[in-house]
Amino acid sequence: MSIREKIFNYCLRKQRPRKHAFINWTDVKTVFLLFESDITEKNIQIKQLIKELQQQGKEVTAWGYLDSKKSLSAILRDYRVLSRSDINLFHKPKENHLKDLAGMHFDVVIDLSMHDILPLRYLLLFSDTDLKVSRQVAEPYIADFMVMLNQNDDPAFLFDQITYYLQNINRK
């Protein structure tokens, strides 16, 4: 285990226990999407998912990560792409981003990352939310609800699976 992982696990253990709730998808008003940015930072697939959520009447905040020196995307409240210049040596997002995140509450956080990206795991960990959802990952578990994927699945498929389960579990 790397020193970065050990520090992340320390932060995870230091988090206060939170009260999570499985909420009805129709009652969800605010969604926080976490995603891996494509190299061009166009993120067409993610922007389409944001549009779908907005058409459902949901307020969406989307933050991504790109493993490059500097992101070309503007840093906005509702959409930003973090890069290596936005994280510290241990891959934790810098304080200005964490302060922005601390000022927001979400009904649900959906992590659409297909790989283990430590800066996105920190964002998932530190987000103030009622429900955290992601793909199935190895321990430590951060999400309240996880979806199992195949190796060749993509973020759109993960999103479809997550929304399908969230919509149908509440009906039963």
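No experiment lies behind these values; they were computed from the predicted model shown.
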For Met146 and Val137 the tightest heavy-atom approach is SD-N, 3.7 Å
Looking only at heavy atoms, the pair that brings Phe8 and Leu125 closest together is CE1-CD2, 3.9 Å
Side-chain contact test, heavy atoms from C-beta onward, threshold under 4.5 Å: evaluate it for Arg77 versus Met104 and give yes or no.
yes
Output yes when Asp116 and Arg121 qualify as a salt bridge under the 4.0 Å nitrogen-oxygen rule, no when they do not.
yes
Side-chain heavy atoms of Asp107 within contact of Asp27, under 4.5 Å:
no
Close side-chain approach of Tyr122 and Cys11, heavy atoms under 4.5 Å
yes
Determine whether Leu34 and Ile117 make a side-chain contact, defined as any pair of heavy atoms from C-beta on separated by less than 4.5 Å.
no
For the student: nearest non-hydrogen atoms of Ala156 and Leu49, plus distance:
CA-CD1, 4.3 Å
Using the rule that Ile, Leu, Val, Met, Phe, Trp and Tyr join whenever any side-chain heavy atoms are under 4.5 Å apart, tell me whether Leu118 and Ile3 fall into a single cluster.
yes
Nearest-0.5 Å distance that lies between atom OH in Tyr65 and atom NE2 in His115:
14.0 Å
Do Leu149 and Phe157 come close enough that some side-chain heavy atom pair is under 4.5 Å?
yes
So, taking the atom named CG in Leu53 and the one named CD in Gln48, what distance separates them when rounded to the nearest 0.5 Å?
10.5 Å
Should we say atom CG of Leu76 is surrounded by more than 12 heavy atoms from elsewhere, each under 6.0 Å from it?
yes
Is there a path of hydrophobic side-chain contacts, each under 4.5 Å between heavy atoms of I/L/V/M/F/W/Y residues, joining Ile44 to Met114?
no
Inspect the surroundings of CD in Glu59 and state if more than 12 heavy atoms from other residues, nucleotides or ligands are less than 6.0 Å away.
no
Rounded to the nearest 0.5 Å, what separates atom CG in Leu131 from atom CZ in Phe106?
13.5 Å
Full working for side chain to side chain contact (heavy atoms under 4.5 Å, CB included) between Phe22 and Leu166:
CA-CA 9 Å; Phe22 199 88; Leu166 292 179; 3.4 Å; yes
Closest non-hydrogen contact found for Val133 with Val108 is CG2-CG2, 3.9 Å
Check: Ser71 side chain, Val81 main-chain N or O, donor-acceptor pair, under 3.5 Å
yes
Applying side-chain hydrogen bond (donor to acceptor under 3.5 Å, both in side chains) as the test, list every pair that has at least one member in residues 147-160; sequence neighbours left out.
Gln45-Asp154
Between Arg84 and Asp67, is there a salt bridge with N-O shorter than 4.0 Å?
yes
Determine whether Ser134 and Ile142 make a side-chain contact, defined as any pair of heavy atoms from C-beta on separated by less than 4.5 Å.
no
With rounding to the nearest 0.5 angstrom, report the CD1 to NZ distance, Ile39 to Lys42.
13.0 Å
With a cut-off of 6.0 Å (strictly less than), are more than 12 heavy atoms of other residues, nucleotides or ligands near NZ of Lys47?
yes
Determine, step by step, whether Lys132 and Asp111 satisfy the salt bridge (charged side-chain N to carboxylate O under 4.0 Å, His left out) criterion, reporting the C-alpha distance in whole Å, the side-chain angles of both residues, the deciding distance to 0.1 Å, and the verdict.
CA-CA 8 Å; Lys132 297 179 182 186; Asp111 181 4; over 6 Å; no
Looking only at heavy atoms, the pair that brings Leu66 and Asp38 closest together is CD1-O, 3.7 Å
So Pro119 and Leu82, do their side chains get closer than 4.5 Å, heavy atoms only?
no
Tell me whether Ile50 shares a hydrophobic cluster with Ile75, the cluster being built from Ile, Leu, Val, Met, Phe, Trp, Tyr side chains joined at under 4.5 Å.
no
With a 4.5 Å limit on heavy-atom distance, are the side chains of Leu101 and Phe32 in contact?
yes
Measure the acute angle between the ring planes of His97 and Trp63, then classify it against the limits of 30° and 60° as parallel, tilted or perpendicular.
perpendicular
Quick one, Thr30 with Thr61, criterion side chain to side chain contact (heavy atoms under 4.5 Å, CB included). Give me CA distance, side-chain angles, the key distance, then yes/no.
CA-CA 8 Å; Thr30 56; Thr61 300; over 6 Å; no
Closest non-hydrogen atoms of Glu41 and Tyr79, given as atom of the first, atom of the second and distance, are O-OH, 4.4 Å
Atom pair OG1/CG of Thr40 and Leu72 - distance to nearest 0.5 Å:
9.5 Å
Establish whether Leu89 and Leu123 are linked, either directly or via other cluster members, by ILVMFWY side-chain heavy-atom contacts under 4.5 Å.
yes
Within this structure, what is the NE2-CG distance for the pair His91 and Asp86, rounded to the nearest 0.5 Å?
12.5 Å
